[in-house]
Amino acid sequence: MKKMMRMPVAALALLLAGAASAETLYVSNEKGATVTLIDGATAKPIGSWPVGKRPRGIALSADGKTLFVCASDDNTVQMIDTATGRILADLPSGDDPEQFALSRDGKQLFAANERQNIVTAIDIAKRTVTFQTPTGEEPEGMATSPDGRWVVATSESENSVHWIDIASGQEKAVTTVGLRPRHAEFTPDGKALWVSSEIEGIIQIIDPATQKIVKRIPLAIEGVPSESILPDGIRFTPDGRQAVVALGRANHVAIVDVASATPIRYIPVGRRVWHVGISPDGTRAYSANGLSDTLSIIDLKSMAVTATVPAGRAPWGIAVGR
């Protein structure tokens, strides 16, 4: 793949302003130290922003004006102005932040620090640490509950989910899950937490009221070895009816019916799918294909890939803007 030209910031800002009605996809490229911008309307790359080393976790503020990116090897979460691509701040996010979660009010950011085995909470406006809480070894997946009570962190090495009370900054419960939990995601209504266990090839559904597993979803694809089915990122459609799950080296995503907790389709995409995104209207899903250096666009009505778009080196995470 030819190296993508970096569009001048001013020109890119004008282009984005002219296409304000189209959603913009922001893709973190782990080996490229860049974020690729993709126009959702045309399925074309429209620019590339340099960021810190080994960018992984990525998310937008609720108003879409600020992009947050984990620069894991620079030990920070960077704040980026989406109008210009300018880095506004390097937040004091602890060592090796791989993923993070934003509080529901948008005032705090919670980063998982893999080398320190802690979660660091940051006041975004003040850009200061509000608390640090020990977790299990290798915390990675992060999520905040819709009611604003909990921030959870998955511990890859200890096969556990840690429940931290945001108000007090204290851990209140631990849930044992399957091998190597990589991602956690609350359903839109907050009634369940879904956790992917990569090595075990399952999704666990946990009741936030009891912090206990209520159901396990096994994942299996005809013709694909079970050891290749490595569930990672999970995203729900806005109506909460479907979940889209990245399946790693299986080179597929799973579409899961939430009500029945049953996989209804496996869709082939690029190689080594890390994470997924959903369009705001719930009609499309996007997969970051780490070994293909591409992003796949999936129509959720036909359940088929409609476009494959070049990204940077080793795309990892996706944030979807309006």
Could you pull out all donor-acceptor pairs under 3.5 Å where a side-chain atom in residues 91-100 meets a protein atom, sequence neighbours excluded?
unit_1: S93; atom_1: OG; unit_2: V77; atom_2: N; d: 2.7
unit_1: S93; atom_1: OG; unit_2: L91; atom_2: O; d: 2.9
unit_1: D96; atom_1: OD1; unit_2: R54; atom_2: NH1; d: 3.4
unit_1: E98; atom_1: OE1; unit_2: R56; atom_2: NH1; d: 2.9
unit_1: E98; atom_1: OE2; unit_2: R56; atom_2: NH1; d: 2.7
unit_1: Q99; atom_1: NE2; unit_2: E140; atom_2: OE2; d: 3.3
unit_1: Q99; atom_1: NE2; unit_2: R182; atom_2: O; d: 3.3

Give me each pair satisfying ring-ring contact (aromatic ring centres under 6.0 Å, His included) with a member in [range], each pair once, sequence neighbours excluded.
range: residues 221-253; result: W194-F236
range: residues 285-311; result: none
range: residues 52-78; result: none

Can you list, by chain and residue number, the hydrophobic cluster partners of W274 when the side-chain cut-off is 4.5 Å?
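Direct or chained contacts put W274 with W316.
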Tracing side-chain links under 4.5 Å among I, L, V, M, F, W and Y, which residues wind up in one group with V129?
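Once heavy-atom contacts under 4.5 Å are chained together, V129 still belongs with nothing else.
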Ignoring hydrogens and geometry beyond distance, is a side-chain donor-acceptor pair present between [X] and [Y] at under 3.5 Å?
X: D39; Y: T24; answer: no
X: D74; Y: T76; answer: no
X: D257; Y: T262; answer: no
X: Q204; Y: S197; answer: yes
X: D165; Y: Q170; answer: no

Decide whether I205 and V161 are clustered together by the hydrophobic rule: side chain heavy atoms of Ile, Leu, Val, Met, Phe, Trp, Tyr closer than 4.5 Å, transitively.
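I205 does not cluster with V161.
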Test item: T135 side-chain N/O and P139 main-chain N/O as donor-acceptor pair under 3.5 Å:
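No, because the side chain of T135 does not come within donor-acceptor range (under 3.5 Å) of the backbone of P139.
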Within the side chain of E30, is there an N or O that forms a donor-acceptor pair under 3.5 Å with the backbone of A314?
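Flag not set: sc E30 to bb A314 has no pair under 3.5 Å.
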Quick one: which of V119, T130, L102, I164 gives a side-chain contact (heavy atoms from CB on, under 4.5 Å) with F110?
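Testing each of V119, T130, L102, I164 against F110, the sole residue satisfying side-chain contact (heavy atoms from CB on, under 4.5 Å) is V119.
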Which residues share a salt bridge (charged side-chain N to carboxylate O under 4.0 Å, His left out) with [X], sequence neighbours left out:
X: D207; value: none
X: R249; value: none
X: E158; value: none

So which atom in I297 and which in A43 form the shortest heavy-atom distance, rounded to 0.1 Å?
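Distance-wise, the nearest heavy atoms are CD1-CB, 3.6 Å.
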Nearest heavy atoms of T82 and G64, plus distance in Å
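Reported closest heavy-atom pair: OG1-O, 2.8 Å.
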Is R216 atom CZ crowded by more than 12 heavy atoms from other residues, nucleotides or ligands, each under 6.0 Å away?
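Open: at most 12 neighbouring heavy atoms sit under 6.0 Å from CZ of R216.
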Please identify each residue that fulfils side-chain hydrogen bond (donor to acceptor under 3.5 Å, both in side chains) with W163, with sequence neighbours left out.
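Expected list: T175.
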Between E185 and R235, does at least one N-O distance fall below 4.0 Å, as a salt bridge requires?
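Result for this pair is yes, salt bridge flagged.
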Who are the ring pair (Phe, Tyr, Trp, His ring centres under 6.0 Å) partners of H183, not counting sequence neighbours?
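By the ring pair (Phe, Tyr, Trp, His ring centres under 6.0 Å) rule, H183 matches H275.
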With sequence neighbours excluded, give me every salt bridge (charged side-chain N to carboxylate O under 4.0 Å, His left out) pair touching residues 116-128.
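Qualifying pairs, neighbours excluded: none.
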